[in-house]
Amino acid sequence: MPMRPQPGLKPSEITPPEVYAARRRLLTGALGLAAASIVPRALATAQPVGAALAFQRNPALSTTETPNSWDDITTYNNYYEFGTDKSDPSSNAGSFRTRPWSVAVTGEAEVKGSFALEDLLKPHALEERIYRLRCVEAWSMVIPWVGVPLGEVLKRFRPTSKAKYVAFTTLADSRQMPGQRSSVLDWPYVEGLRIDEAMHPLSLLAVGLYGRVLPNQNGAPLRLIVPWKYGFKGIKAIVRISFTGQMPPTSWNRAAPYEYGFYANVNPAVDHPRWSQKTERHIGSGLFAPRRPTLPFNGYAEQVASLYTGLDLKRNF
Ligand SMILES: Nc1nc2c(c(=O)[nH]1)N[C@H]1C(S)=C(S)[C@@H](COP(=O)(O)O)O[C@H]1N2
Ligand SMILES: [Mo]
């Protein structure tokens, strides 16, 4: 099915993918040249595909680190609805239907109901933010997302004073999502944030990647990005947003409560029971590249550490 143009699309604002390639060349300099000579050509030339989005860059909230390649970001995925291997989502999510799409808003808010995705996004300008992504499995990437600040969207529903948390739910559709026919997790996938975390300007609802509509394997048409937390907080294919007074259940916490907490803030000082979180493997940096140190709050401590004043981060992992 051909992709319909996005609301608010202005061709003049479309960023050609060449810009990213140029930026990459600029940043890697002579090393880029050296790398090019050892990377197979087919891999090195994969370009972003999909409908282009109109967006504004947000350099203030972006890392200056070099983004991972389109290939890395779209073929090395976690999305258990489409299989548990990193290559499964890109192989199996191709025919997933992301249009039409609506999101139910429920719970402790004045404005509730079912909203077409287009209407949910219409009042908001799309922004590009280059964020570090840190998976709990101790690998990392740098990803240029396109999306809208989560807090700006949530405010429009006018959450009441009873809204202490926000819960998110992924689509349940085992016909389209083969992984939901297995019991590897309880379905649908659910996640949640404390309301102040959700309202933090870094929290993003992503609809795109590299200036293009989000590929299905990356959570189309709408997914959450909370860059200071482990990747599993970034729930994909969101169909429900619910304001609650109680801490909501989250999929990985329910599956293995001693291994995955509700907060899931990236923290080199708190190891996973089965592996260290002190270092990480940066995807795409080569077989012989040294592991990198894990940064507290994934490098966003300056912006978010104050959210957790007085909270024991070892107990509330
Ligand atoms: N619905 C759903 N959302 C999900 C997951 C999942 O299995 N199902 N995996 C999570 C995990 S563990 C990670 S690391 C990120 C990966 O996002 P990416 O594939 O776009 O890099 O998605 C998160 N969101
Ligand atoms: Mo993850």
Side-chain angles (χ1 to χ4, degrees), residues 77-82 89 93 96 98 101-109 111-117 119-121 124 129 131 133 135-136 145 147-160 162-173 176-177 179-180 185-209 214 216-255 260-265 304 307:
N77 299 103
N78 272 336
Y79 199 172
Y80 278 19
E81 286 84 340
F82 292 100
F96 179 60
T98 59
W101 193 269
S102 57
V103 178
V105 178
T106 63
E108 304 290 350
V111 181
K112 292 185 270 197
S114 176
F115 299 86
L117 179 60
D119 296 332
L120 201 81
L121 298 174
H124 305 278
R129 299 180 180 187
Y131 279 168
L133 177 123
C135 180
V136 74
W145 301 110
V148 297
L150 172 65
E152 301 292 311
V153 176
L154 296 186
K155 271 181 211 155
R156 285 173 48 224
F157 303 117
R158 296 203 291 275
T160 71
K162 290 185 185 152
K164 306 294 184 211
Y165 296 88
V166 193
F168 302 87
T169 309
T170 294
L171 180 70
D173 184 349
Q176 286 206 79
M177 295 172 141
Q180 289 185 344
L185 284 174
D186 281 342
W187 308 109
Y189 195 94
V190 289
E191 257 305 336
L193 295 171
R194 225 169 52 187
I195 191 92
D196 59 334
E197 298 178 317
M199 292 296 176
H200 192 280
L202 281 171
S203 295
L204 191 74
L205 276 176
V207 298
L209 163 59
L214 211 55
N216 291 345
Q217 59 269 38
N218 292 94
L222 185 72
R223 62 92 54 91
L224 178 67
I225 304 290
V226 192
W228 69 93
K229 293 178 179 284
Y230 291 118
F232 66 82
K233 299 297 287 183
I235 183 172
K236 297 176 172 181
I238 295 167
V239 294
R240 175 180 295 267
I241 298 176
S242 188
F243 297 93
T244 68
Q246 303 292 317
M247 185 180 276
T250 63
S251 282
W252 279 104
N253 178 251
R254 227 162 35 184
Y260 311 102
F262 173 83
Y263 282 95
N265 292 315
V304 302
L307 293 173

Gap between atom CG of Leu120 and atom OG of Ser114 - 0.5 Å precision: 10.0 Å
Under the side-chain hydrogen bond (donor to acceptor under 3.5 Å, both in side chains) rule, what pairs show up with a residue in residues 190-202, not counting sequence neighbours? Glu191-Lys233, Arg194-Asp196, Arg194-Tyr263, Glu197-Lys229, Glu197-Tyr308
What one should report as the nearest heavy-atom pair of Ala255 and Leu185 is CB-CD2, 3.8 Å
If you define the side chain from C-beta out and look only at heavy atoms, does anything of Met177 sit under 4.5 Å from Thr170? yes
Side-chain heavy-atom pair Pro159, Tyr165 within 4.5 angstrom cut-off: no
Just jot down the salt bridge (Lys or Arg N to Asp or Glu O under 4.0 Å) partners of Asp119, sequence neighbours excluded, or say none. Lys122
Is Val148 close to Val207 at the side-chain level, that is, under 4.5 Å between some pair of heavy atoms? no
What heavy-atom pair brings Asn218 and Arg223 nearest, and what distance separates the two atoms? O-NH1, 2.7 Å
Under 3.5 Å: donor-acceptor pair, side chain of Glu108, backbone of Thr160: no
Taking all non-hydrogen atoms of both residues into account, name the closest pair between Pro201 and Tyr131 and its distance. O-OH, 4.4 Å
So do Val190 and Arg254 actually touch side chain to side chain, heavy atoms under 4.5 Å? yes
Can you confirm whether Val304 sits close enough to Asn265 that some side-chain heavy atom of one is under 4.5 Å from a side-chain heavy atom of the other? no
So which atom in Ala198 and which in Ser203 form the shortest heavy-atom distance, rounded to 0.1 Å? O-CB, 3.6 Å
Can the ring centres of Phe82 and Phe96 be said to be less than 6.0 Å apart? yes
Which atom of Leu117 lies closest to which atom of Pro221, heavy atoms considered: CD2-CB, 3.5 Å
Ignoring hydrogens and angles, write down the donor-acceptor pairs under 3.5 Å from the side chains of residues 234-243, residues two or more places apart or on other chains.
unit_1	atom_1	unit_2	atom_2	d
Lys236	NZ	Asn78	O	2.8
Lys236	NZ	Gln217	O	2.9
Ser242	OG	Thr106	OG1	2.9

How long is the span from the CG atom in Asp173 to the CD atom in Glu81, to the nearest 0.5 Å? 11.0 Å
Using atom types as modelled and distance alone, determine if a side-chain donor or acceptor of Lys164 lies under 3.5 Å from a backbone N or O of Met247. no
Separation between CG of Leu171 and OG1 of Thr98, rounded to the nearest 0.5 Å: 11.0 Å
Could you tell me if the side chain of Phe262 sits less than 4.5 Å from the side chain of Pro248, heavy atoms only? yes
Do Tyr80 and Trp252 have ring centroids that are under 6.0 Å from one another? yes
Do Val166 and Leu150 come within less than 4.5 Å of each other through their side chains, counting heavy atoms only? no
For the residue pair Val103 and Phe168, establish whether any side-chain heavy-atom pair is separated by less than 4.5 Å. no
